[in-house]
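Shown next, in structure tokens, is the structure this report addresses.
These numbers come from a predicted model, not from an experiment. Numbers restart at 1 for each chain; the letters A, B, ... are given by sequence-line order, proteins then strands.
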Amino acid sequence: MLASADTDIRAIERFLYREAALLDEARWEEWLALYTDDCFYWVPSVMGQKDPVETVSLYAEDRMRMEMRIIRVTHPRAFSSDMPVRMSHVVGNVMIDPDGAASDGGTNPRADLVVRSTAHILEFRKEDQRMFGGIARHWLRCTGNDWKIAMKRIDLINCDAPMEGIQLFL
Amino acid sequence: MLASADTDIRAIERFLYREAALLDEARWEEWLALYTDDCFYWVPSVMGQKDPVETVSLYAEDRMRMEMRIIRVTHPRAFSSDMPVRMSHVVGNVMIDPDGAASDGGTNPRADLVVRSTAHILEFRKEDQRMFGGIARHWLRCTGNDWKIAMKRIDLINCDAPMEGIQLFL
Amino acid sequence: MLASADTDIRAIERFLYREAALLDEARWEEWLALYTDDCFYWVPSVMGQKDPVETVSLYAEDRMRMEMRIIRVTHPRAFSSDMPVRMSHVVGNVMIDPDGAASDGGTNPRADLVVRSTAHILEFRKEDQRMFGGIARHWLRCTGNDWKIAMKRIDLINCDAPMEGIQLFL
Amino acid sequence: MRYDSATIASLVEPDRVHRNLYIDPALFDLEMERIFGHAWIYVGHESQVKNPGDYVTTAIGKQPVVMSRDAQGKIHLLLNRCGHRGAKVVGDREGNVKLFRCCYHGWTFKPDGSLAGIPMASGYEDTRLDMKDPKYGMCKVPRMEIYRGFVFGSMSPTGPGLVEYLGDAATSIDNMVERAPEGRLEVVGGCFRAVFRANWKIFLENLNDTMHPMVVHESSVKAGEIWAKQHLPEGAPDPLPVRFTRNNGFPYAFWEKLTLRGHKNGHSYMGGIFPPRRTDPVFLSYVEAMEKSYGKDKTEEILSVDRHNTIYYPNVSFQSGYQQVRVIRPVSVDRTQMDVYAFKLIGAPDEFYRHTLIYSNMVNSPSSIVMTDDHEAYNRVQEGLVAQANDWISLDRDAGRDTREGDWLSSTGTSEMPMRNQYQAWARYMTQEA
Amino acid sequence: MRYDSATIASLVEPDRVHRNLYIDPALFDLEMERIFGHAWIYVGHESQVKNPGDYVTTAIGKQPVVMSRDAQGKIHLLLNRCGHRGAKVVGDREGNVKLFRCCYHGWTFKPDGSLAGIPMASGYEDTRLDMKDPKYGMCKVPRMEIYRGFVFGSMSPTGPGLVEYLGDAATSIDNMVERAPEGRLEVVGGCFRAVFRANWKIFLENLNDTMHPMVVHESSVKAGEIWAKQHLPEGAPDPLPVRFTRNNGFPYAFWEKLTLRGHKNGHSYMGGIFPPRRTDPVFLSYVEAMEKSYGKDKTEEILSVDRHNTIYYPNVSFQSGYQQVRVIRPVSVDRTQMDVYAFKLIGAPDEFYRHTLIYSNMVNSPSSIVMTDDHEAYNRVQEGLVAQANDWISLDRDAGRDTREGDWLSSTGTSEMPMRNQYQAWARYMTQEA
Amino acid sequence: MRYDSATIASLVEPDRVHRNLYIDPALFDLEMERIFGHAWIYVGHESQVKNPGDYVTTAIGKQPVVMSRDAQGKIHLLLNRCGHRGAKVVGDREGNVKLFRCCYHGWTFKPDGSLAGIPMASGYEDTRLDMKDPKYGMCKVPRMEIYRGFVFGSMSPTGPGLVEYLGDAATSIDNMVERAPEGRLEVVGGCFRAVFRANWKIFLENLNDTMHPMVVHESSVKAGEIWAKQHLPEGAPDPLPVRFTRNNGFPYAFWEKLTLRGHKNGHSYMGGIFPPRRTDPVFLSYVEAMEKSYGKDKTEEILSVDRHNTIYYPNVSFQSGYQQVRVIRPVSVDRTQMDVYAFKLIGAPDEFYRHTLIYSNMVNSPSSIVMTDDHEAYNRVQEGLVAQANDWISLDRDAGRDTREGDWLSSTGTSEMPMRNQYQAWARYMTQEA
Ligand code: FES
Ligand code: FES
Ligand code: FES
Ligand SMILES: [Fe+3]
Ligand SMILES: [Fe+3]
Ligand SMILES: [Fe+3]
């Protein structure tokens, strides 16, 4: 019982680590392939934001907008990226989050479980680094013998601070 | 044997992750409930500090002082917190620490094992972030089918650097 | 099968955590003992650097140079260290890296597997902290019932940024 | 270096400006004094302080300001500083109070800034302190005026009134308000706070700079085009995200034909770049609501006012079609904060506001695939101007072709007239000593 | 802006000071020159360099200083700079050496700063270099004096001696020393280093500001009260942590009755806020040790001296009851470092020192639930003073009611007299050109 | 503080310099104008832009510069700023283009900086804009000259030519080039970028400062010695890593005998510290290649030129034996960036270049066990000079013993002559107003 719980969490960790690796290596197509067709990617602009439809969000993207962002970032003329942005994700404190559903902002994604982890993201651009940190939640849907991400939400501790441009997915 | 060691460490990780989550979500009562009545919370002000009674400490708090800090932080007039402080803890490199007892500063807590982990803590307040890092040690006491924290010690790598105010527990 | 994969990764994590602990505690001899006699320690100065012999590297050290660095850092007259440097390593996202061999820069180390992890390293010196982050790869060789590090490569996201002196191993 | 008026005047020519305007901290300090210390500065909207006791913190240049509503419902602009020993009284961004209370010695202030109470006031008998003296309260911003719900403040006790100042550039505000079936707007929830490493004037230049979109935004234009080609049947209407990105890629001929008008006080606006009438059900139900309030003709009239960015010099830009208001706070000569607010049209269907948010999130977020390119362009200008190559910045495009009618200059849609116009206003402010 | 003496004098009035004192970098630089460059500055305690060869690094204003003890046991204050090409000689915070050795070319210096050796000194024959010339050594701080173990330095070769400077404000130091049964104090282990984002003078204002505790510290006052109510039987004595927090919440009447005295050189002190005689066994055994050394009456006399903070202008504060010494180093006009030392009373029971540490950890740590609120208050003042609302900062409380006796001003316990007194001293220093 | 020439001249004496040279931001700004704005500044090597369209970004003082190669193969130095509104045109570090394109409005520029195209140029008819006017292009660095593949630029349109400027200090460059069997060098791959918190001149002082190695580098000297003792049989030849570290520990007698020469323009060089002829197979096969190209005698002649660092004032240092070039960019009065390039000798065996890289990685990397100690020493000087102890920095060693022959000063190998020589040049530049 505990063992199996343990097994599960290991498999989930592997899955989240893979997502982070794809982000850090800018392998966008493979990254997006981890998401469901009806996925939603949400980074609120307010701590504990209720929903993505009553107030602005740093990111509130369905698959269409995620695809557009990827086309753009990989486009040769995305000059904001001519000094490339590099990222390094630590996915920490991975836990099954029984109450996670409550934070779906009313989007009610179809998912089999919600995983909560701590995101520490170091970003480098031009000659500066900055750090992002907060709680990441993944709504995972079981598909055959693998997972897909139906929704991802990241609550950054500095979500409402003045910020310089963010180019990539967190 | 290895499997069981493995199982143990998983359970311990879950426990430490839970502590971190309660800190990051400022759920102070639940957090404190993880500690024993005779607990001790210690953050030295000197690298490798011998004990908490011969020199000052950033934190050297028994349960009474921990309770007072919580009352204070949650008090509406705690104006230092009217721009709330937010934290994000990564609990990394969790290991059983066979020699951990040696670093109890002579407090000799009643515990069943000492766990060592690496703490990376990102803090946000007003518009700034700062990073804390170092070694965290938890003295865990087995209580029925769960753990309690009899003592926690964090050795920050910048423990003796000039510091702006720290509001919360690390 | 999955269980055993799981078991392995746990053992590997324990091994990498131990390496990090020895670095954070400046226990250099014990740290070096984790490496094989024919080991190679490499930190490229260019993102995705092809090899260590056609362009400069932040570190490109065989065991001899590693030993020299340790003698030097521990030497009483290493005045750059008279304000000691302190480090805190989080070893995150530990994964077996099936394609890892490709990034050996042509050094072709004799190893049984390549492990990929995310390194977040907080460094303190004088009164400042700075953060390093990137992908760490360990080429592990199975020796009896333990591992040895045949090669370590760290690709820092700021590898080509102007940098103040780095004293220690990352 | 200290600047006299003659020197300052010499930095601005009809068709070019001196590089120092963007990089000299001494000029920046003078700007805070002579422009942000005199002009009408946008500070917020009534709806941010709906109820008595509500307050929000804002700024006028580098001055920390509180906008509050008193028990009688009157709005006040206060400098965020205690009359005792100067502590910042309000620490958080918004809230509701009966009295403001200073954290240091507990002096209290009414929402109108007047001193309400001092612990142990007896200590002040027979001293210079006079509880009625506003100096001992939270001082008022010398002037405040509200135009159709939009609150402006001026640090100067004298000068033209707000209405005179806005002139008929105010029509863009009028139109944004009228676009609400109930004629009222509301700020809901949070706002974006973005920061760029460039002088504040570079942002103002950009807002009516119609020669930049197809270049700066090329990657998001392509994102829209490529996505559409991949996913949409030939000739299908653009979903909003595609429209919001690809429209920046319109041919030069399109931009050249846009209206472009500059007002003598430094304001300006450009014509719209999105189809003023959409055909999706959300928009249609919105039109329905409009017609119910205003009738067909008036609705037609309101919706036919088709403007993109309207700049009110020196710190705010309105985009009425998607109800976006962008406000800047200069931080230093090479750093600027931009706050972006999305407004809700009271009386419009909820779905309509969703579209407003889609615009905000896609176009005006710090993580927007559109705006980040603008900000990088600003940063690039700031980085480039370090080079001493040449003391002058060109504003030559269509120079000498502006036509004046009353308070207004008009030009072709791709002219640099709006910038020339801004710097004429700049020179006027900056040469007013005192 | 460059300040002449008349302008500086005009910035300080008897009952108010000009806002520029806190925010103008030019004034800050002048302060470093005219105040920290002349006054007696506290640098440390003898016990920090117990043995020959011991040294610690410290500072006088922004000057890096080394306090060392030579082979004869004499203490020296040296500027931490090599006489060759200027490298900082001592890099760590403390240690023990026979000779200081510069890391760059290996010049060596005696603990008294004199040049001990130069590799290949032959290269200096017939040159201007004279090994006996102190300029080629580590230069001495022009003046050093020690008062009962406390070391002060002055960057000015002339001026009043330390004893004259301290005047009988020195009685607070006397009392702290006498509180040791053996009449000696000792610094043990580390110290706290806290930083706040405010001008250094705001800290000095705060130390005898008795109108702030019940407000600034309200949350920790409540923490003490609530905890006590929850856990203690009616009327039980307060455990130390409760006392250390709730006492800040005493009624105004209590503070008003406190002694408050200001010395002409800018020093001042306030009466005690903790019961001078405790009844716990630790304190009783301490009293026993005291009486063994001093006898009953003298002990009574010593313990009845009941003062809280004593300020020695411009950089140190003593709290004798719990043996706390707080020292500041101005970093910039809006940034200050504060070092806190806990002293051990030699001859007192070990347990007694535990209580000293409990006080340090609870009240003076960067993570204290008490002091962090003070520092936030200082930061708030610095943030608020950006506002141009009003050029003046009020020091009106009980103005005009101070009574002078010799070097001293006295006032009611809640008066702002100590600040008025500090700024009179400030103006005196700052108008001494030289 | 503003400096007139007399004041500046008074800051430099034959045997000492004033502390302000290292810490006064006003002097730093003047240096950027009068030294980095006039002297020949090293910017890069031809091989960094091998092919038509290749470019790299570099700098002259604080001026952002692009080095490019046009279709005809000609190299150009351009200021990295757009002729329109000033945006930095090139954002990345290197690349290849047909035309540079500004990110903001799409103006394009030829590799020679001339304006190639403007979208909708029609907007500029009858305006001041003239497409042929270089001001509207990417402006050229006023002068560029190339000496044997090494590219220098000068921000001053007038002044001595590069050859005259280098004087016969150029022989160190000649020798480095001739050490390539094919007489050509090449930069391969990346470079190191190190930053230290000290004034740029402290770096220049250090390069021919032969009194520092045995002290600053003691820990790496010991590392080499100890490792050798532990692992090598008595009298075995030193492996390179041991040589690269322990040689810094040679006795003073060795350094005293080194050649040390200073050129009137501020340049200088010192004799070699590594055996000029190695005996390992790699070196022997290199000599073979050399002799194949040059014949025995010429090879002998080339390899017998044995110099360690050659400084070309004010921003570059050559080490020919291991083909290291170190270039500095002053960032601010107390911050400097250093770029280190390793050169490949065309025609030498591949293995030979490996040795060059071992030297780079061990000696010149930001994580080197050697250079980090130099940088810490520079930082220490900057930290120490805060102390007002003494206004003067000593350059006394062997002062008055320099012997002049033509453009050159000579001295014993441990003299501070090279620094005295640098500051004579410094004073010359700094007193040229204009
Ligand atoms: S500063 Fe506000 S009450 Fe004293
Ligand atoms: S700088 Fe100290 S010995 Fe040269
Ligand atoms: S700024 Fe370069 S094209 Fe306009
Ligand atoms: Fe744009
Ligand atoms: Fe206080
Ligand atoms: Fe060196």
Please classify the contact of [X] with chain F as side chain, backbone, both or neither, using a heavy-atom distance under 4.5 Å.
X: C/Arg69; result: both
X: C/Pro52; result: backbone
X: C/Val53; result: both

Minimum heavy-atom distance between [X] and [Y], given as atom pair plus value:
X: F/Gly224; Y: C/Met68; value: CA-CE, 4.0 Å
X: C/Ile71; Y: F/Ala223; value: CG2-CA, 3.7 Å
X: F/Val195; Y: C/Pro162; value: CG2-CB, 3.3 Å
X: C/Asp160; Y: F/Arg93; value: O-NH1, 2.8 Å
X: F/Tyr353; Y: C/Glu54; value: OH-O, 3.3 Å

| Residue F/Glu94 excluded, over 12 heavy atoms near CD under 6.0 Å | no

| Which residue out of F/Val187, F/Ile358, F/Asn364, F/Val221 racks up the most heavy-atom pairs below 4.5 Å with chain C? | F/Ile358

| request: For each of F/Pro239, F/Ser368, F/Pro241, tally heavy-atom pairs with chain C at distances under 4.5 Å, and name the one with the top tally. | output: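 Looking at each option in turn, the highest pair count goes to F/Pro241.
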
Below 4.5 Å from any heavy atom of chain C, which atoms of [X] appear? Answer side chain, backbone, both or neither.
X: F/Glu225; value: neither
X: F/Thr356; value: neither
X: F/Val340; value: neither
X: F/Met371; value: neither
X: F/Arg335; value: side chain

| query | Would you find a donor on one side and an acceptor on the other, under 3.5 Å apart, between the side chain of F/Ser367 and the backbone of C/Leu58? | reply |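 Confirmed, F/Ser367 side chain pairs with C/Leu58 backbone.
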
| Side chain F/Thr372, main chain C/Gly165, donor-acceptor under 3.5 Å | no

Check: [Y] and [X] side chains under 4.5 Å, non-hydrogen atoms:
X: C/Lys126; Y: F/Glu383; result: yes
X: C/Met163; Y: F/Phe192; result: no
X: C/Met64; Y: F/His231; result: no
X: C/Val56; Y: F/Leu357; result: yes
X: F/Arg197; Y: C/Glu164; result: yes

| request: Mind checking the CD1-CD1 spacing from F/Ile369 to C/Ile70? Nearest 0.5 Å is all I need. | output: 11.0 Å

| Going through the distances and angles, do C/Gln167 and F/Glu376 end up as a side-chain contact (heavy atoms from CB on, under 4.5 Å)? | CA-CA 11 Å; C/Gln167 302 288 338; F/Glu376 176 62 12; 5.6 Å; no

| query | Do we see a donor-acceptor contact under 3.5 Å between the side chains of F/Ser220 and C/Arg72? | reply | no

